[in-house]
Amino acid sequence: MNQLSETVVLNALRQIRDPDLHRDIVALNFVRDIAIQGNDVSFTIELTTPACPVRDEMKAQAIRAVREAVPGVGNVAVEMTSNVTRRQAPQQADILPGVKNTIAVASGKGGVGKSTVAVNLAVSLAREGAGVGLVDADVYGPSIPLMLGVKGKPRMVGKRLQPMESFGVKLMSIGFFVDPMDAIIWRGPMASGAVKQFMTDVDWGDLDYLIFDLPPGTGDIQLTLVQTIPLTGAVIVTTPQDVSLADARKGFRMFEKVNVPVLGIIENMSYFICSHCGQREEIFANGGGRKAADDLGVPFLGEIPIYTAIRVSGDKGIPVAAETGTEQSEIMSRIARAMAAQVSIRNAEGSAPNVEIALGPS
Ligand code: ADP
């Protein structure tokens with residue numbers, strides 16, 4: 001029978017693999033602070049994101065592994081924490097120094113629900129405990145202040161603009177400064193300049209994820225963003241219609257050209273559940289987003305049905321992701337976790353070598 005010791009605990013935990021990073025949690029250096037007192041043991045598992053899709057499962061696995069390795073062990077207490085990883089490429093030190101990851105939410109065309117998705121991803125990640133900021137870079141149609149119910153104007157402290165905050169998300173939008181109708185007639189350089197200022201002149205502080213809601217298409221603002229900061233990745237929102245999917249592919253190619261990894265595709269307005277008969281109506285056909293992701297070789301992060309509640313919540317300024325236990329909030333948080341997992345995967349690439357040595361008979 002195994003005596004309870006740090007080595008025995010570590011060896012037991014080596015059986016547990018992170019399904020996204022494909023290595024065991026000891027090799028990944030997730031296991032911290034092992035403490036043994038008599039028959040009891042406690043330790044911490046530090047994940048790469050608080051929005052880890054397998055967080056609860058991993059905790060249960062860890063307890064089971066230790067119990068199996070040390071029959072008769074007393075209490076096994078596991079604390080799950082996280083420390084979000086940052087991208088490995090050198091960040092321009094003077095721009096966004098405290099921001100670990102920058103993510104663009106893009107779409108080929110307007111009206112597919114890109115801003116809705118950006119807002120709900122941000123709120124979901126913040127609810128999991130991550131530090132999150134959101135830039136409304138859709139300067140020609142800044143809808144995010146409305147969707148998050150934020151009014152008023154950001155303050156200046158010294159020479160730095162202070163972001164607004166709503167549902168735990170720090171927020172900056174051109175909508176705080178100009179009438180949306182005025183922004184529509186801006187020339188391209190003015191709009192790009194505004195987005196650049198949101199990166200250089202705003203006091204974002206320390207953030208795990210800074211999300212950019214881009215205008216639709218592939219124009220100046222997208223280019224400004226990728227030229228100003230090294231993005232961790234982009235997420236493409238599409239609806240299932242062929243026209244939207246064709247535009248999503250164009251978006252993918254743009255990011256590919258400028259070496260921004262595409263973290264995945266999200267299909268919005270995938271289907272509608274009839275509130276009377278409960279039948280699933282695939283208004284815009286179905287499965288196109290998943291197929292496009294497969295064709296392009298990028299992850300499919302999930303599908304969002306059409307819900308009246310999503311439209312109403314956007315208009316009311318209370319995003320569905322802020323609700324507890326509703327179908328819509330569950331869907332949003334599942335997609336946010338899938339995206340956070342992709343960020344962790346990207347950040348792990350190029351860090352410690354993923355060497356697996358197969359030991360077997362020689
Ligand atoms: P985009 O940013 O792509 O232009 P928006 O996020 O502004 O699109 O969404 C356009 C409209 O569609 C909004 O009124 C929004 O509330 C609504 N909408 C977006 N996604 C859904 C959905 N899944 N179900 C119902 N309404 C939605």
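Whatever order the structure lists them in is the order used to number ligands and atoms, beginning at 1. Side chains are part of it too, since the values below use all heavy atoms of this structure and drop only hydrogens, waters and symmetry mates.
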**Asked** Taking distance alone, with no angle check, do Gly111 and ligand 1 share an N/O pair under 3.5 Å?
**Response** yes
Query raised in the report: Under 4.0 Å between a Lys/Arg side-chain N and an Asp/Glu carboxylate O for Asp295 and Lys291?
Result: yes
Would atom 25 (C) of ligand 1 count as contacted, meaning some protein heavy atom under 4.0 Å?
-> yes
Ile306 to ligand 1: N or O pair under 3.5 Å?
no
**Prompt:** Does an N or O from Tyr307, backbone or side chain, lie closer than 3.5 Å to an N or O of ligand 1?
**Reply:** yes
Review point. Are Tyr307 and Ser313 linked by a side-chain donor-acceptor pair shorter than 3.5 Å?
Key: no
Checklist entry - Has ligand 1 got any nitrogen or oxygen that is less than 3.5 angstrom from a nitrogen or oxygen of Lys109? => result no
query: Hey, is atom 11 (C) of ligand 1 under 4.0 Å from any protein heavy atom?
result: no
Q. Would you say Thr308 has any N or O atom under 3.5 Å from an N or O of ligand 1, going by distance alone?
A. no
Any heavy atom of Ser107 under 4.0 Å from ligand 1? The part involved is neither
Note: Asn268, heavy atoms under 4.0 Å from ligand 1, region reported as side chain
- Taking Gln222 for its side chain and Gly219 for its backbone only, find out whether a donor-acceptor pair lies under 3.5 Å. yes
Nearest non-hydrogen protein atom to atom 7 (O) of ligand 1, with distance, is Met147 CE, 3.6 Å
closest protein heavy atom to atom 6 (O) of ligand 1 is Thr116 OG1, 2.5 Å
